Participant: 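Take a look at this one; I'll ask things after.
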Amino acid sequence: MPELPEVETVRRGLSSEIVGRTITGVVVRERRLRWPIAENFETRLVGKRIDAIERRSKYLLVRLVDDARRASTLLAHLGMTGSFVVHDERSASRTKPHDHVDLILDSGAIVRYNDPRRFGSMHVFDGPDSAQPLLAHLGPEPLTDALDGRYLFDQTRRRPGPIKQAIMDNHLVVGVGNIYANESLFRAGIHPNRAANRISKQRYDQLVHEIKAVLSEAINAGGSTLRDYVNASGEPGYFQLNYFVYGRDGEACRHCKSALKLARHGGRATVYCAKCQR
DNA sequence: ATATGAGCCTGTATGC
DNA sequence: TGCATACAGGCTCATA
């Protein structure tokens with residue numbers, strides 16, 4: 001499932017293919033994504049030039065301009081199973097199941113959105129990002145200075161709930177999905193059940209350090225398989241990473257060899273080492 | 001303000 | 001072999 005590093009990898013991969021290009025056609029085969037694709041979606045995209053592709057949280061923001069230099073944005077989320085793959089005319093001629101949207105560019109490239117579970121979304125909007133309901137209430141980006149130990153410490157003084165759920169709360173900080181929540185807590189030696197308001201400033205410094213480290217490492221790993229991801233296989237890059245805990249319940253802790261435990265937070269699997277994490 | 005659970009989906013893995 | 005069921009989980013919404 002695309003987490004922040006995968007979305008960033010997709011952004012970088014798409015950038016060279018689409019920035020500066022004009023959208024000459026849009027094909028929508030399935031409108032029922034997380035929210036239905038708006039009726040005027042195609043009209044609002046055709047003829048627009050792609051100025052930039054940015055990322056906010058796990059959203060991709062494709063910045064568009066029309067002939068009169070009016071700005072708009074294509075907002076896309078990959079959900080759990082979404083992917084963008086760049087095709088040429090020949091490879092695009094055969095569609096696969098769940099190929100829901102095509103953006104046809106003046107270069108001849110076809111940017112194809114595929115999403116089996118349809119948890120992803122696509123919107124076009126004008127005006128500032130802050131006016132977008134989906135973007136308005138997002139916490140800071142994890143890889144910027146806006147996230148530090150002081151911030152998390154200050155923001156969790158009235159949160160007696162488990163730290164795992166706190167760092168996965170998009171209002172607090174974005175981009176820490178289940179995989180990276182598990183991994184960063186293990187690396188910081190913090191028990192996922194520990195009350196967020198009972199963690200010291202020092203330990204938050206450590207946790208933030210690990211969050212930034214695991215995300216950065218995953219982006220770097222994704223970068224090495226960037227071409228494959230965007231152009232062909234649709235395989236995310238992070239599969240190469242060696243996880244400490246994620247998906248390893250029952251297996252031996254890589255540090256102390258005791259069996260990793262499985263718990264559940266808000267319906268999501270949590271794997272941790274009861275000995276290394278306190 | 002914070003926390004919890006339901007619901008959205010389909011591919012894959014497991015159980016009988 | 002085939003069918004049924006559980007699970008995966010980011011996100012929003014409704015409810016407590």
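Note that the structure is a prediction, hence the values are computed from the model and not measured. Numbered from 1 within each chain, the chains take letters A, B, ... in sequence-line order.
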Participant: What residues form a salt bridge (Lys or Arg N to Asp or Glu O under 4.0 Å) with A:Asp249, not counting sequence neighbours?
Facilitator: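 A:Asp249 satisfies salt bridge (Lys or Arg N to Asp or Glu O under 4.0 Å) with no residue once adjacent residues are dropped.
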
Participant: Using only atom types and a distance under 3.5 Å, with no angle test, would you say the side chain of A:Glu3 pairs donor to acceptor with the backbone of A:Pro5?
Facilitator: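 Not a single qualifying donor-acceptor pair exists.
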
Participant: May I have the distance from A:His77 (atom NE2) to B:dC9 (atom P), rounded to whole angstrom?
Facilitator: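 Nearest whole value for this atom pair: 16 Å.
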
Participant: Quick one: is B:dT4 close enough that its OP1 or OP2 comes under 4.0 Å of any side-chain N or O from A:Gln165?
Facilitator: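 Yes, such a contact exists.
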
Participant: For a side chain to side chain donor-acceptor pair (under 3.5 Å) check, start with the C-alpha distance between A:Thr43 and A:Asn40, then their side-chain angles and the critical distance, and finish with the verdict.
Facilitator: CA-CA 5 Å; A:Thr43 335; A:Asn40 60 3; over 6 Å; no

Participant: How would you list, by chain and number, every residue that makes a side chain to side chain contact (heavy atoms under 4.5 Å, CB included) with A:Pro128, sequence neighbours excluded?
Facilitator: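 A:Ser130, A:Ala131.
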
Participant: Which comes earlier along DNA chain B counting from the 5' end, the contact point of A:Gly161 or that of A:Pro97, where each point is its nearest nucleotide?
Facilitator: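 The 5'-side residue here is A:Gly161.
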
Participant: Can you tell me the distance, in whole Å, between the NE2 atom of A:His265 and the P atom of B:dT2?
Facilitator: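 The distance from NE2 of A:His265 to P of B:dT2 comes to 18 Å, rounded to the nearest Å.
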
Participant: Among residues 117-129 of chain A, which ones have heavy-atom contacts with DNA chain B below 4.0 Å?
Facilitator: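 Correct list: A:Arg117, A:Arg118, A:Phe119.
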
Participant: Can you measure A:Asn178 atom CG to C:dA8 atom C1' for me and round it to whole angstrom units?
Facilitator: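 Spelled out: CG on A:Asn178 to C1' on C:dA8 is 10 Å.
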
Participant: Could you state the atom-to-atom distance from CG of A:Leu33 to C1' of B:dC9 in whole Å?
Facilitator: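 Checked: the CG to C1' distance equals 11 Å.
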
Participant: In whole angstrom, give the distance that lies between atom CZ of A:Arg264 and atom P of C:dG9.
Facilitator: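 Taking atom P of C:dG9 as the reference, CZ of A:Arg264 is at 8 Å.
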
Participant: Restricting to side chain to side chain contact (heavy atoms under 4.5 Å, CB included), what partner residues turn up for A:Arg11, sequence neighbours left out?
Facilitator: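 Partners of A:Arg11 by the side chain to side chain contact (heavy atoms under 4.5 Å, CB included) criterion, ordered by chain and then number, come out as A:Glu8, A:Ile53, A:Arg55, A:Leu60.
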
Participant: Among residues at least two apart in sequence or on other chains, which ones pass salt bridge (Lys or Arg N to Asp or Glu O under 4.0 Å) with A:Lys48?
Facilitator: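 Result, salt bridge (Lys or Arg N to Asp or Glu O under 4.0 Å) vs A:Lys48: none returned.
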
Participant: For residues 115-157 of chain A, pull every pair meeting ring-ring contact (aromatic ring centres under 6.0 Å, His included), keeping only residues two or more places apart or in separate chains.
Facilitator: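 Only A:Trp35-A:His123 qualify under ring-ring contact (aromatic ring centres under 6.0 Å, His included).
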
Participant: Using atom CG of A:Leu262 as one end and atom C1' of C:dA8 as the other, report the distance to the nearest whole Å.
Facilitator: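 Taking CG of A:Leu262 and C1' of C:dA8, I get 13 Å after rounding.
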
Participant: Can you see if the side chain of A:Tyr246 gets near the phosphate of C:dG9 - specifically, an N or O under 4.0 Å from OP1 or OP2?
Facilitator: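 Indeed, a polar side-chain atom of A:Tyr246 lies that close.
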
Participant: Quickly work out the A:Met168 CE to C:dG10 C1' distance and round it to whole Å.
Facilitator: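 Rounded to the whole Å, the gap is 8 Å.
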
Participant: List in chain and number order the residues that pass salt bridge (Lys or Arg N to Asp or Glu O under 4.0 Å) with A:Glu210, two or more places apart in sequence or in another chain; answer none if no residue qualifies.
Facilitator: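 With neighbours one apart ignored, the set is A:Arg187.
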
Participant: Between A:Asp66 and A:Arg49, is the closest basic N to carboxylate O distance under 4.0 Å?
Facilitator: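 Answer for the salt bridge query: no.
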
Participant: Can you give me the N/O atom pairs linking the protein to nucleotides 12-16 of chain C at distances under 3.5 Å, or say none if there are none?
Facilitator:
| unit_1 | atom_1 | unit_2 | atom_2 | d |
| --- | --- | --- | --- | --- |
| C:dT12 | OP1 | A:Tyr59 | OH | 3.4 |
| C:dT12 | O4' | A:Arg34 | NH2 | 2.8 |

Participant: Please enumerate all residues that pass ring pair (Phe, Tyr, Trp, His ring centres under 6.0 Å) together with A:Tyr272, with sequence neighbours excluded.
Facilitator: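 A:His191.
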
Participant: For residues 152-159 of chain A, which residues have at least one heavy atom under 4.0 Å from DNA chain C?
Facilitator: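 Of all residues in residues 152-159 of chain A, none places a heavy atom under 4.0 Å from DNA chain C.
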
Participant: Measure from the side chain of A:His98, starting at C-beta and using heavy atoms only, and say which of C:dG10, B:dT10, C:dC11 lies closest.
Facilitator: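 Out of C:dG10, B:dT10, C:dC11, the nucleotide with an atom closest to A:His98's side chain is B:dT10.
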
Participant: Going by the rule ring pair (Phe, Tyr, Trp, His ring centres under 6.0 Å), which residues pair with A:Phe244 if we only count those two or more places apart in sequence or in a different chain?
Facilitator: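 By the ring pair (Phe, Tyr, Trp, His ring centres under 6.0 Å) rule, A:Phe244 matches A:Phe186, A:His255.
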
Participant: A:Glu3 CD to C:dA8 P: how many Å, rounded?
Facilitator: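 Going from CD in A:Glu3 over to P in C:dA8 covers 14 Å.
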
Participant: Applying salt bridge (Lys or Arg N to Asp or Glu O under 4.0 Å), can you list everything that pairs with A:Asp126, at least two apart in sequence or on another chain?
Facilitator: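 A:Arg44.
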
Participant: Taking the side chain of A:Met80 as its heavy atoms from C-beta onward, which of B:dA3, C:dG9, C:dC11 lies nearest to it?
Facilitator: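 So the nucleotide nearest the side chain must be C:dG9.
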
